[in-house]
Amino acid sequence: MTLANAMISDTSTYLDTLNPEQRQAVETTEGPLLVLAGAGTGKTRVLTTRLAHLLLTGRARAGEILCTTFTNKAAREMKERVGRILGHSADGVWLGTFHALCTRILRRHAELMALDPQFIIIDADDQTRLVKQIMAAQNIDDKKFPARAFLGIIQSWKDKGLPPEKVQADHNNGPALAIYTAYQQRLRASNAVDFGDLILYNLQLFAAHPDVLQEYSARFRYILVDEYQDTNIAQYLWLRMLALAHKNICCVGDDDQSIYGWRGAEVGHILKFEQDFPGAGVIRLERNYRSTEHILGAASGLIAHNKGRLGKTLWTGDKGGDKVTVAAHWDDAAEARYVGEEVETLQRAKQSLKEQAILVRASFQTRAFEERFMTLGVPYRVIGGLRFYERQEIRDALGYLRVVAQPDDDLALTRIINLPKRGIGKSTLDALTQSAREQQISLYQSIRRALEAKTLKPKMAETLQKFLDDFARWRKLLEDTAPEAVVEKIIEESGYRAMWQDTKTPDAPGRVENLKELVRAIGEFPSLTEFLEHVGLVTDTENTENDDMVNIMTLHAAKGLEFDHVFLPGWEEGLFPHQRALDEGGTKGLEEERRLAYVGLTRARKRAWVSYASNRRIYGQYQNSLPSRFIGELPPEHIEKPVGAGGMSSQGWKAAVEEVYRQANQQRPAAPAPVREKLTATHPNFPVGTKIFHQKFGYGKVITAQGDHLQICFEKAGIKKLLADFVTKA
DNA sequence: AACTAATACTTTTTT
DNA sequence: AGTATTAGTT
């Protein structure tokens with residue numbers, strides 16, 4: 001079929017299936033456009049159709065369209081759907097995650113940013129290790145300031161598009177700025193970048209080289225942005241720069257689904273789109289094609305409690321259906337049993353398992369459900385759990401590959417230099433590191449020089465020489481051998497595989513198996529560098545989507561997905577809304593939690609179950625909890641309470657809890673004694689109000705107690721959570 | 001240097 | 001409760 005034929009035959013059909021608003025969003029191709037797309041209103045459909053439309057009407061060639069998404073999965077899906085409309089694959093379109101697209105640009109112009117184009121992208125684990133190394137070098141006590149805290153600060157600066165030299169030095173930063181500066185230097189020295197750098201360096205590249213910006217800005221005649229509400233400042237600046245020339249930027253998003261504020265996302269961007277892009281059009285998609293009337297009603301009623309929304313009125317033609325179930329349970333195990341029973345009921349009614357999802361607030365909650373499903377023999381998958389490339393053995397093996405590809409990668413080198421044990425211990429490594437610092441060279445080079453200078457003990461010199469020889473040999477081998485075979489050789493000759501084969505722990509065979517899988521995965525790439533690139537950016541390896549299994553995941557991971565049946569457990573104060581979100585984000589934090597609840601409810605097509613437990617095990621200890629305020633915010637006309645759990649309003653929670661106790665005692669005559677004790681929420685030695693003393697924080701008063709976990713208000717240090725073991729009576 | 005034993009600390013969410 | 005890191009010992 002010729003291209004012309006495809007155009008004519010498809011143009012009429014692909015637009016006809018859209019509703020008027022959707023069609024307008026597709027056909028308004030020129031100028032800035034904001035599409036406010038409520039949950040389930042066909043957002044992805046508009047984006048993909050628009051992209052195809054631009055190509056089919058000849059407004060742009062594939063290489064002239066830029067389309068950003070947040071996840072690799074979304075990018076993959078869009079590519080596939082565009083291809084379906086076109087009738088052939090949408091090759092050539094710059095479609096991908098912000099990070100993938102920024103990587104592509106940065107590699108092209110790496111030299112301008114004083115980077116080698118083969119730079120590697122480090123992950124969270126390497127980031128933390130690097131910060132720790134820097135803190136050690138600067139003699140900063142990592143007990144007082146955890147490395148993660150500094151990393152968080154650095155990340156938030158990067159999210160705002162601030163390189164170290166643009167950060168204002170002030171006393172509140174403490175040593176953070178110095179650490180940031182050193183961190184960036186060390187990354188550069190290793191020819192490495194972190195996730196934040198990908199975007200940050202793009203911004204710096206564009207600022208320092210207007211000709212480069214101009215090249216891209218001129219090239220991308222049309223820009224499409226998915227999930228606009230989740231862009232952080234750096235990403236937003238990047239988009240604005242690229243849209244400078246043509247101003248054909250179409251952003252699709254939903255302010256009610258902004259759930260990444262903690263990661264630097266700014267809902268504000270979507271709220272002030274019309275100011276940022278003068279003359280912008282705004283189109284609202286309000287017809288929901290996903291959920292029933294009750295589900296939509298419950299979700300809308302809930303989100304109406306948020307202030308500062310753009311406001312949309314979602315409606316559906318799908319009247320009736322089941323109300324949202326709200327159930328109370330004695331503890332997390334009972335909640336899991338209940339969900340298990342409901343799943344089995346659905347299973348008996350021939351409902352497929354993959355159309356059911358359990359969406360939790362925090363990842364530790366998945367465990368109770370996994371255990372339950374395992375006993376019931378119900379197939380399930382946990383999405384977003386430990387990922388292949390994050391496993392220890394895989395990261396170790398990758399460490400070897402990275403040093404082969406780039407000897408100056410200090411982070412990788414320190415990871416594997418004594419793995420398996422070669423007798424290169426801490427003192428040797430410290431000495432080598434120090435001389436590397438002094439001479440401003442990489443660790444690899446410092447080993448080389450130490451060997452040349454013959455300053456080492458003969459035994460150590462021999463070990464290190466062999467170590468370098470091995471890498472030189474592998475590097476040479478890579479020139480004329482398939483990467484797969486080289487990697488196999490490395491794992492073998494380094495003794496790394498043997499290390500796990502000789503390990504007697506039950507998980508060891510699995511790790512050996514994973515190494516095999518890694519070798520196989522590398523076989524799918526033409527070169528080692530391309531493989532390492534893939535590893536840096538691709539984090540999901542779930543290829544089991546088609547198997548009929550119940551899905552268990554966090555609410556964040558569920559965004560963009562939909563299921564017939566959705567379970568929303570753990571709606572308890574402190575867990576959801578999460579205490580930390582309240583502590584750190586105040587009202588803003590609460591509203592983001594509420595949006596998260598909204599996202600959860602709107603994932604459901606046919607039915608949604610909300611539940612809470614009166615007792616939940618956290619850190620191995622039972623804690624009693626109150627129903628979430630969000631339960632009280634669900635409009636009564638859209639919910640039903642099957643087990644007579646009583647009122648859910650803040651007024652009625654006491655009755656609810658008592659009712660749960662009564663029921664639980666009927667089912668289980670003797671409630672476990674330790675639970676009863678915990679319910680008193682006080683500590684035998686430190687009742688609430690007790691004055692105490694702590695080594696580091698000084699004097700304070702006990703505010704609350706949960707088992708051994710005390711919350712104490714200190715005179716100087718503020719409110720801290722501590723174990724009772726560390727305090728004494730004042 | 002390497003192993004064992006004790007102790008701290010976790011658990012919000014992720015490209 | 002369980003893991004990860006650290007201190008102490010050989």
Side-chain angles (χ1 to χ4, degrees), chain A residues 68-75 96-103 121-125 127-129 132 142-143 146-148 151-152 155 158-159 193-199 227 230-232 234-235 258-265 359-368 371 383-385 387 389-390 392 418-430 457 459-460 463 507 536-540 553-559 570 574-585 589 592-593 595-596 599-600 616-623 707-709 721-723 725-726:
Chain A
T68 66
T69 63
F70 264 86
T71 64
N72 293 300
K73 194 175 166 199
T97 62
F98 277 102
H99 296 88
L101 295 166
C102 285
T103 305
I121 302 161
I122 65 160
D123 65 8
D125 193 64
Q127 285 182 297
T128 320
R129 290 199 312 135
K132 277 186 182 157
D142 63 344
K143 294 238 167 59
R148 297 184 59 188
L151 203 52
Q155 244 150 13
K158 290 189 176 182
D159 287 344
V193 303
D194 67 14
F195 278 109
D197 286 336
L198 291 169
I199 292 147
E227 309 277 18
D230 286 332
T231 51
N232 62 34
Q235 291 161 337
S258 166
I259 55 174
Y260 284 106
W262 53 274
R263 214 168 73 184
L359 310 181
V360 297
R361 177 63 183 88
S363 50
F364 76 85
Q365 291 173 263
T366 59
R367 203 157 134 191
E371 281 170 8
I383 293 176
R387 291 175 281 211
Y389 293 120
E390 284 172 5
Q392 189 193 336
N418 202 26
L419 202 80
K421 297 268 164 15
R422 298 185 174 87
I424 306 169
K426 193 174 179 300
S427 52
T428 312
L429 194 57
D430 281 350
K457 283 182 183 155
K459 189 76 190 285
M460 187 56 73
T463 310
D507 58 329
L537 288 168
V538 175
T539 45
D540 51 11
M553 70 188 92
T554 63
L555 286 158
H556 285 86
K559 197 173 68 148
L575 179 60
F576 193 34
H578 199 280
Q579 193 56 49
R580 220 158 127 177
L582 300 178
D583 291 347
E584 286 165 18
E592 182 153 313
E593 294 289 295
R595 290 194 290 268
L596 204 45
V599 167
R616 187 170 291 277
R617 251 167 70 143
I618 299 175
Y619 311 140
Q621 296 233 11
Y622 273 101
Q623 298 193 8
D708 280 346
H709 297 251
K721 278 182 184 163
L722 299 169
L723 277 175
D725 297 355
F726 299 109

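Values reported hereafter were calculated over all heavy atoms of this structure, with side chains retained and with hydrogens, waters and symmetry mates removed. Chain letters run A, B, ... following the sequence lines, proteins first and then strands; every chain starts at 1.
Atom CZ of A:Arg129 and atom P of C:dT5 are 10 Å apart (whole Å). The CD-C1' distance, from A:Glu371 to C:dG2, rounds to 13 Å in whole Å. In this structure, the CD atom of A:Glu227 is 15 Å from the C1' atom of B:dT13, given to the nearest Å. Nucleotide C:dT5 holds its P atom 10 Å from the CD atom of A:Gln392, rounded to whole Å. The distance between atom CZ of A:Phe195 and atom C1' of B:dT13, rounded to the nearest whole Å, is 15 Å. To the nearest angstrom, C1' of B:dT14 lies 12 Å from CZ of A:Arg361. Separating the CG atom of A:Leu429 from the C1' atom of B:dA2 is a distance of 15 Å, rounded to the nearest angstrom. Between the NZ atom of A:Lys559 and the C1' atom of B:dT12 there is a distance of 15 Å, rounded to whole Å.
Without hydrogens or angle criteria, A:Gln235 side chain to A:Asn232 main chain gives a donor-acceptor distance under 3.5 Å. A side-chain donor-acceptor contact under 3.5 Å links A:His556 to the backbone of A:Ile259. Distance alone, capped at 3.5 Å, places no donor-acceptor pair between the A:Thr231 side chain and the A:Glu227 backbone.
In this structure, A:Glu584 reaches the bases: a heavy-atom distance under 4.0 Å links it to at least one base atom across the strands shown. In this structure, A:Arg616 reaches neither bases nor backbone, as no heavy-atom distance under 4.0 Å exists between it and the strands shown. Within the nucleic acid shown, A:Tyr260 comes within 4.0 Å of sugar-phosphate atoms alone, with no base atom in reach, counting heavy atoms only.
Checking B:dT12, B:dT11, B:dA2 against the side-chain heavy atoms of A:Glu593 singles out B:dT12 as nearest. Among the nucleotides B:dT11, B:dT14, B:dT15, the one closest to any side-chain atom of A:His556 is B:dT14. Listed nucleotides B:dT11, B:dT12, B:dA2 differ in distance to A:Ala362; the shortest reach to its side chain belongs to B:dT12. Of the candidate nucleotides B:dT14, B:dA1, B:dT12, B:dT12 has the atom nearest to the side chain of A:His578. Distance from the side chain of A:Phe364 is smallest to B:dT11 among B:dT15, B:dA2, B:dT11. Of the candidate nucleotides B:dT15, C:dA1, B:dA2, C:dA1 has the atom lying nearest to any side-chain atom of A:Arg617. Out of B:dT12, B:dT11, B:dA1, the shortest distance to the side chain of A:Thr428 is found at B:dA1. Comparing B:dT11, B:dT12, B:dT13 by their nearest atom to the side chain of A:Ser363 picks out B:dT13.
Along DNA chain B, the nucleotide nearest to A:Arg367 and the one nearest to A:Gly425 differ in position, and the one closer to the 5' end is contacted by A:Gly425. Both A:Phe70 and A:Lys421 sit near DNA chain B, but only A:Lys421 has its closest nucleotide nearer the 5' end.
Nucleotides B:dT13 and C:dA4, compared at atom P, are 16 Å apart to the nearest Å.
Put simply, CG on A:Leu359 and NZ on A:Lys559 are 14.0 Å apart, with the number rounded to the nearest 0.5 Å.
For A:Thr71 and B:dT14, the shortest distance from a side-chain N or O to OP1 or OP2 is not below 4.0 Å. Phosphate proximity of B:dT15 to A:Asn232: absent, as no side-chain N or O sits under 4.0 Å from OP1 or OP2. Distances shown here put a side-chain N or O of A:Arg148 below 4.0 Å from the OP1 or OP2 atom of B:dT11. When the side-chain nitrogen and oxygen atoms of A:Thr554 are compared with OP1 and OP2 of B:dT14, one or more of them lie within a distance under 4.0 Å.
Between A:Arg263 and A:Asp159 there is no salt bridge, since none of the side-chain N atoms of the basic residue sits less than 4.0 Å from a carboxylate O of the acidic one.
The environment of CZ in A:Arg367 is sparse: at most 12 heavy-atom neighbours from other residues, nucleotides or ligands sit within 6.0 Å.
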